[in-house]
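So that the names make sense, note that chain A is the first sequence line, chain B the second, and so on, each numbered from 1.
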2 protein chains.
Amino acid sequence: MKVGPDIATLGSLLGDPARANMLTALLSGQALTAGELAREAGVTAQTASSHLARLEAGGLLTQRKQGRHRYYALSGEDVAGVIEALMGLAARTGHTRVRTGPKEPALRRARVCYDHLAGDLAVGMLESLTARGFIVETDERLSLTPAGEAFMAALGLDLPALAGQRRPLCKGCLDWSVRRTHLAGGLGAALLDRFFALGWAAREPGTRLVRFSPRGLEAFREIFGVMPDTPNEETAAAT
Amino acid sequence: MKVGPDIATLGSLLGDPARANMLTALLSGQALTAGELAREAGVTAQTASSHLARLEAGGLLTQRKQGRHRYYALSGEDVAGVIEALMGLAARTGHTRVRTGPKEPALRRARVCYDHLAGDLAVGMLESLTARGFIVETDERLSLTPAGEAFMAALGLDLPALAGQRRPLCKGCLDWSVRRTHLAGGLGAALLDRFFALGWAAREPGTRLVRFSPRGLEAFREIFGVMPDTPNEETAAAT
DNA sequence: CCCATGCTTCGATCCAGGACGAAGCTTGGG
DNA sequence: CCCAAGCTTCGTCCTGGATCGAAGCATGGG
């Protein structure tokens with residue numbers, strides 16, 4: 001009777017806690033082995049295997065054999081987008097997980113969202129960039145100004161290479177922790193890479209968490225200005 | 001162990017065919033009674049009632065009593081956004097419903113997506129608008145040019161009122177039938193309203209389908225120019 | 001060549017939740 | 001005031017699928 005794309009199977013694919021955990025873990029953008037995903041989801045290897053098979057059959061995951069490991073990754077950026085959108089909706093409708101781990105405040109602060117930075121720090125960064133006229137936001141769309149291009153070049157980004165990419169340069173991504181936008185797209189990814197290259201931050205292995213070094217954080221604050229919404233107390237709490 | 005928004009419950013909420021059908025029906029933006037939704041989903045009244053209760057408890061639906069009817073509607077535009085995003089993903093991963101109804105070609109052609117027009121016609125319209133410089137697309141973001149403003153005003157739209165709204169004026173929305181963008185946002189909604197007001201089109205009651213009158217279609221084609229991807233054969237087939 | 005590791009397949013169990021019939025509650029109309 | 005329509009609640013049945021133990025396949029190391 002109804003026609004069109006089949007939401008229901010896709011939804012039920014996302015509807016199992018174990019699978020949802022796996023997908024959330026893969027949001028970091030890096031490929032994980034079946035075993036890691038099993039541990040992440042808190043199920044045995046057999047169970048994880050069947051879940052992964054279903055997710056792959058459903059087209060949400062791609063799989064790559066390497067030695068005796070099998071690496072799984074999200075099949076595309078759109079999958080990550082849908083998951084983050086669901087997270088945003090879940091946050092709005094009050095569906096937050098009850099079990100609150102110790103890492104939560106740190107996660108709210110700085111984490112990887114597929115390939116770019118998310119969390120308070122990312123939101124503050126975008127705010128600072130717009131406040132200083134480096135990025136303009138028109139109708140929820142972001143674009144880099146000439147001044148912004150100069151700024152990014154000074155930071156060491158290869159803008160011509162970025163502009164040549166197929167993916168959009170600037171893209172807004174809704175943060176589930178704070179309900180505000182942070183910077184995604186090619187520029188967002190390049191910035192995060194740059195932070196890593198500069199040694200300002202490193203990702204916690206096997207996690208979405210991004211940990212800034214004290215000096216890195218200082219440099220970050222200096223460059224991206226004051227961030228009124230993230231006082232120093234939170235910094236201490238997050239470390 | 002994991003932390004953050006709870007995707008899984010939300011996913012399982014979308015994961016039932018009956019509920020998915022109801023939500024898809026509500027994508028039209030109009031509120032429907034419990035009975036209509038039950039018929040839409042192909043289940044009995046009791047079953048529908050429990051589904052609706054769960055959807056409401058989950059924060060996806062709002063409910064309004066009116067006489068002895070209960071009207072249900074999506075709780076916000078973000079819900080519609082997530083559903084359309086899921087539809088896009090479902091289309092990409094090949095999850096299309098098997099049961100193909102007679103209305104399908106017409107639906108692919110012109111339908112309501114929450115509050116704006118979607119389908120081939122909408123994609124063609126946006127193409128024409130961009131081709132003529134009325135709307136520019138930068139990095140997948142849309143914005144109206146001065147020439148475009150004049151054009152819209154000539155069509156009878158009250159642009160100052162639209163600009164005053166909180167919602168963004170232009171917004172891209174990915175079409176699941178064609179894998180291309182069509183116009184959403186305040187402007188998209190206003191345009192659809194205008195088509196209705198002009199008598200060019202009317203919505204099929206209880207459906208997402210938008211039916212253009214012959215004269216309306218002619219006027220539409222005249223104003224929005226040639227649409228290379230939708231030859232006349234399809235027009236005949238869709239009527 | 002054999003063993004350990006990583007993962008999948010098979011088989012069995014068990015339970016959440018989706019389905020409907022029947023009864024109960026509210027609202028509007030005569 | 002009673003009846004019909006619209007919807008919900010209750011009780012029951014039943015299926016899909018989530019889980020794990022055990023066995024089966026590959027791969028790499030010694």
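- Rounded to a whole Å, the CG atom of Leu32(A) is 15 Å from the P atom of dG6(C).
- Counting only distance, with no hydrogens or angles, the side chain of Ser49(A) and the backbone of Ala45(A) share no donor-acceptor pair below 3.5 Å.
- Checked against side-chain contact (heavy atoms from CB on, under 4.5 Å), Ala31(A) has the following partners two or more places apart in sequence or in another chain: Arg64(A), Tyr71(A), Ala73(A).
- One atom, OH of Tyr71(B), and another, P of dC7(D), lie 9 Å apart when rounded to the nearest Å.
- Every residue two or more places apart in sequence or in another chain that forms a side-chain hydrogen bond (donor to acceptor under 3.5 Å, both in side chains) with Gln46(B) is listed here: Thr44(B).
- For Thr33(A), the side-chain hydrogen bond (donor to acceptor under 3.5 Å, both in side chains) criterion is met by Glu36(A), not counting sequence neighbours.
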(request) Report, as a single string ordered 5' to 3', how protein heavy atoms within less than 4.0 Å touch nucleotides 9-18 of chain D: B base, S sugar-phosphate only, - not at all. (result) B-------SS
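- Every residue meeting the side-chain hydrogen bond (donor to acceptor under 3.5 Å, both in side chains) condition with Ser75(A), not counting sequence neighbours, appears here in chain and number order: Arg92(B).
- Atom pair Arg39(A):CZ and dG6(C):C1' shows a separation of 10 Å (rounding to whole Å applied).
- One atom, CG of Leu13(B), and another, P of dA16(C), lie 18 Å apart when rounded to the nearest Å.
- Rounded to whole Å, the distance from CG on Leu37(A) to P on dG6(C) is 14 Å.
- Checking the phosphate oxygens (OP1, OP2) of dG6(C), no side-chain nitrogen or oxygen of Arg70(A) falls inside 4.0 Å.
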(message) Please encode protein proximity along nucleotides 24-30 of chain D as a string of B, S and -, counting only heavy-atom distances under 4.0 Å.
(response) ---BS--
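- With sequence neighbours left out, Ala38(A) forms a side-chain contact (heavy atoms from CB on, under 4.5 Å) with Ala48(A).
- Partners of Ser213(A) by side-chain hydrogen bond (donor to acceptor under 3.5 Å, both in side chains), not counting sequence neighbours: none found.
- Closest approach of Phe212(A) to Ala110(A), counting heavy atoms only: CE1-CB, 4.2 Å.
- Tyr72(B) comes within contact range of the sugar-phosphate backbone alone, with a heavy-atom separation under 4.0 Å but no base atom that close.
- One can place NE2 of His69(B) at 12 Å from P of dA5(D), the figure rounded to the nearest angstrom.
- Atom CG of Asn21(B) and atom C1' of dA19(C) are 15 Å apart (whole Å).
- In terms of the side-chain contact (heavy atoms from CB on, under 4.5 Å) criterion, residue partners of Ala80(A) (sequence neighbours excluded) are, by chain and number, Leu27(A), Leu74(A), Tyr114(A).
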